Protein chains: 2
Amino acid sequence: MRVVIARCAARYTGRLSATLPLATRAIMVKADGSVLLHSDGGSYKPLNWMSPPCTLRITDPDADAAAGGARQLWVVQHAKTDDRLEIEIHEVIADTEHELGVDPGLIKDGVEAHLQELLAEQITLLGEGHTLVRREYPTAIGPVDILARDSIGRAVAVEVKRRGDIDGVEQLTRYLELLNRDPLLAPVQGVFAAQEIKPQARVLAEDRGIRCLVLDYESMKGAEDLSSRLF
Amino acid sequence: MRVVIARCAARYTGRLSATLPLATRAIMVKADGSVLLHSDGGSYKPLNWMSPPCTLRITDPDADAAAGGARQLWVVQHAKTDDRLEIEIHEVIADTEHELGVDPGLIKDGVEAHLQELLAEQITLLGEGHTLVRREYPTAIGPVDILARDSIGRAVAVEVKRRGDIDGVEQLTRYLELLNRDPLLAPVQGVFAAQEIKPQARVLAEDRGIRCLVLDYESMKGAEDLSSRLF
DNA sequence: CGTGCCAGGTGCCGT
DNA sequence: ACGGCACTTGGCACG
């Protein structure tokens with residue numbers, strides 16, 4: 001990985017066009033050729049960047065750019081699209097390179113998959129007497145997170161989300177439409193289950209007869225710990 | 001901005017939990033206290049990070065960590081939430097700091113806002129005799145990009161996208177449903193306008209009686225330049 | 001300040 | 001390769 005601190009200007013063309021006036025920034029060049037142009041604030045997102053696969057070519061600036069103070073021109077060209085990032089280097093303040101090696105990668109915990117797993121285990125959170133049919137129940141347009149039956153055997157389709165947004169309600173609506181075409185399942189009740197349900201999503205869901213269920217991840221995790229301690 | 005190359009391990013807790021085994025990585029500490037932990041590949045997204053506002057506190061590792069080889073413990077704590085990033089530094093390979101100053105920021109061109117603006121100006125692209133009612137026409141569930149009237153006064157709701165995907169069709173469908181409840185507007189015709197419309201989105205749109213309109217950004221921009229030259 | 005929507009989204013996993 | 005979908009999504013603009 002190469003890190004260059006430089007006064008530079010940049011221009012990106014591709015899916016959109018963007019220009020970056022002259023200023024001091026950090027340029028990170030990764031082993032795969034990808035380039036990140038960071039300012040000293042904002043978020044983790046660079047001001048400009050080029051994702052792999054791409055190649056970096058360093059040349060002399062043309063006469064105009066040189067007259068404007070440019071010392072180098074970096075052209076980062078994407079290998080498959082016509083996305084291109086051009087960086088005009090006016091002054092190099094620091095330039096270091098280090099071998100990092102392959103990263104073992106991140107291990108995550110607590111995402112939607114876990115929430116779905118917990119709800120499947122604690123299926124009666126849907127209501128007294130509910131039983132699990134299966135997780136990831138397949139339909140023509142993709143799997144429903146959870147299919148269950150209520151206490152008197154009626155089908156219940158559940159969409160699990162960490163954050164319950166309008167998109168999720170649309171998704172569940174599409175599944176319900178398909179599931180309701182199956183005479184062995186219809187009529188299928190919909191449940192929109194999330195740690196947090198946005199008001200507009202709730203309105204839309206209830207307008208469509210979909211029940212909303214707010215999940216408490218911590219207490220569900222506690223219940224799991226408790227039940228595992230019983231064995 | 002401080003850039004440290006170090007052999008390190010990390011742990012994030014907050015919205016989820018994630019751990020990162022020991023490896024050599026680049027750590028970027030920005031002026032606002034935010035921290036980015038980059039590997040030598042992937043995209044612009046760091047392996048772990050902490051967004052501002054947050055504070056970095058550097059301490060000695062506890063006895064266990066020290067026995068495991070840790071030399072420093074970096075704790076990055078978010079100011080408002082309980083998000084926290086802990087980095088165990090085992091070996092510092094490089095450590096540099098530079099003053100970058102405030103960045104003048106990025107100038108973008110060609111995003112959806114501009115496309116919407118151009119279409120509002122060139123509203124007859126919807127068809128002969130169309131007139132603009134307003135951009136960002138408000139509804140209970142959010143603003144419709146463009147509301148117009150056709151040559152004989154019928155309402156037309158337009159959803160503008162750079163890339164026309166199924167989501168956009170769903171969005172427009174929701175708006176149409178609401179707008180059609182307004183007797184002053186109904187019946188409202190839907191137009192899905194995008195630089196590129198995915199086949200599946202086109203099928204869905206046309207199935208719902210929504211007209212698809214492919215926009216040529218370059219030619220629309222050219223028309224704008226021409227009209228501005230007339231003044 | 002919450003709420004919805006766009007993003008050069010990126011990444012992961014399925015057909 | 002394309003499509004669907006989650007993401008510590010982040011970021012912005014508007015009520």
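Not measured: the values here are computed from a predicted model. Here is the naming used below: chain letters follow the sequence lines, and residue numbers restart at 1 for every chain.
Proximity of Ser43(B) to the phosphate of dG11(C): a side-chain N or O atom is located under 4.0 Å from OP1 or OP2. Applying the 4.0 Å criterion to OP1 and OP2 of dC5(D), one finds that Arg174(A) has a side-chain N or O inside that range. Distances shown here put every side-chain N or O of Arg11(B) at or beyond 4.0 Å from the OP1 or OP2 atom of dT8(D). Dashed line: the shortest gap from a side-chain N or O of Arg15(A) to OP1 or OP2 of dT10(C) is under 4.0 Å. At dT10(C), one or more side-chain N or O atoms of Ser51(A) fall inside 4.0 Å of OP1 or OP2 (strictly under the cut-off). For the OP1/OP2 pair of dA7(C) and a distance below 4.0 Å, the side-chain nitrogens and oxygens of Lys45(A) include no atom meeting the criterion.
One atom, NE2 of His78(B), and another, C1' of dT8(D), lie 10 Å apart when rounded to the nearest Å. Atom pair Glu86(B):CD and dT8(D):C1' shows a separation of 15 Å (rounding to whole Å applied). Across the protein-nucleic acid pair, Tyr137(B) atom OH and dG15(D) atom C1' stand 17 Å apart, rounded to whole Å. Between the CG atom of Asp145(B) and the C1' atom of dC5(C) there is a distance of 10 Å, given to the nearest Å. In this entry the distance linking CZ of Arg163(A) with P of dT8(D) reads 11 Å, nearest Å. Distance Asp167(A) CG to dC5(C) P: 8 Å, rounded to the nearest Å. Taking atom CD on Glu170(B) and atom P on dC6(C), their separation rounds to 13 Å, with Å as the unit. Distance, Lys30(A) NZ to dT10(C) C1': 12 Å, rounded to whole Å.
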*Check the pair Gln195(B), Arg162(B) against side chain to side chain donor-acceptor pair (under 3.5 Å), reporting the backbone distance first and the verdict last.*
CA-CA 5 Å; Gln195(B) 276 184 277; Arg162(B) 207 174 48 72; 4.9 Å; no
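You'll find that the side chain of Leu16(B) is closest to dT8(D), out of dC5(D), dT8(D), dC6(C). Checking dG8(C), dT8(D), dT3(C) against the side-chain heavy atoms of Lys108(B) singles out dG8(C) as nearest. Here the side chain of Gln171(B) is nearest to one of dG8(C), dC5(C), dA6(D), namely dC5(C). Nearest to the side-chain atoms of Leu106(A) among the listed nucleotides dG8(C), dT8(D), dC7(D) stands dT8(D). Across dG8(C), dC5(C), dT8(D), the shortest atom-to-atom separation from the side chain of Ile166(A) is found for dC5(C).
Using a distance-only test at 3.5 Å, with no hydrogens or angles considered, a donor-acceptor pair links the side chain of Gln77(B) to the main chain of Asp83(B). Not one N or O on the side chain of Lys198(A) forms a donor-acceptor pair closer than 3.5 Å with the backbone of Ile166(A). The main-chain N or O of Lys80(A) is found under 3.5 Å from a side-chain atom of His78(A) such that the two form a donor-acceptor pair.
At the heavy-atom level, Gln116(B) lies nowhere under 4.0 Å from the strands shown. Among the atoms of the strands shown, none is found under 4.0 Å from any heavy atom of Pro138(B). Within 4.0 Å of Glu136(A), counting heavy atoms only, lies no atom of the nucleic acid at all.
dC7(D) sits 15 Å from dC6(C) when the C1' atoms are compared, rounded to a whole Å. Comparing dA6(D) with dG10(D), their C1' atoms are spaced 14 Å from each other, to the whole Å.
Residue Tyr175(B) is the one, among Met50(A) and Tyr175(B), whose nearest nucleotide of DNA chain C lies closer to the 5' end (criterion: closest heavy atom). Closest-nucleotide positions on DNA chain C for Lys80(B) and Trp49(A) were compared, and the one nearer the 5' end corresponds to Lys80(B). Checking Val160(A) against Tyr44(A), the closest nucleotide of DNA chain D that is more toward the 5' end is the one next to Val160(A).
Side-chain polar atoms of His114(B) and Lys221(B) form no donor-acceptor pair below 3.5 angstrom.
Atom CZ of Arg174(B) has more than 12 neighbouring heavy atoms from other residues, nucleotides or ligands inside a 6.0 Å radius.
The pair Arg135(B)-Glu121(B) fails the salt-bridge criterion, with no side-chain N (NZ, NE, NH1 or NH2) lying under 4.0 Å from an Asp/Glu carboxylate O.
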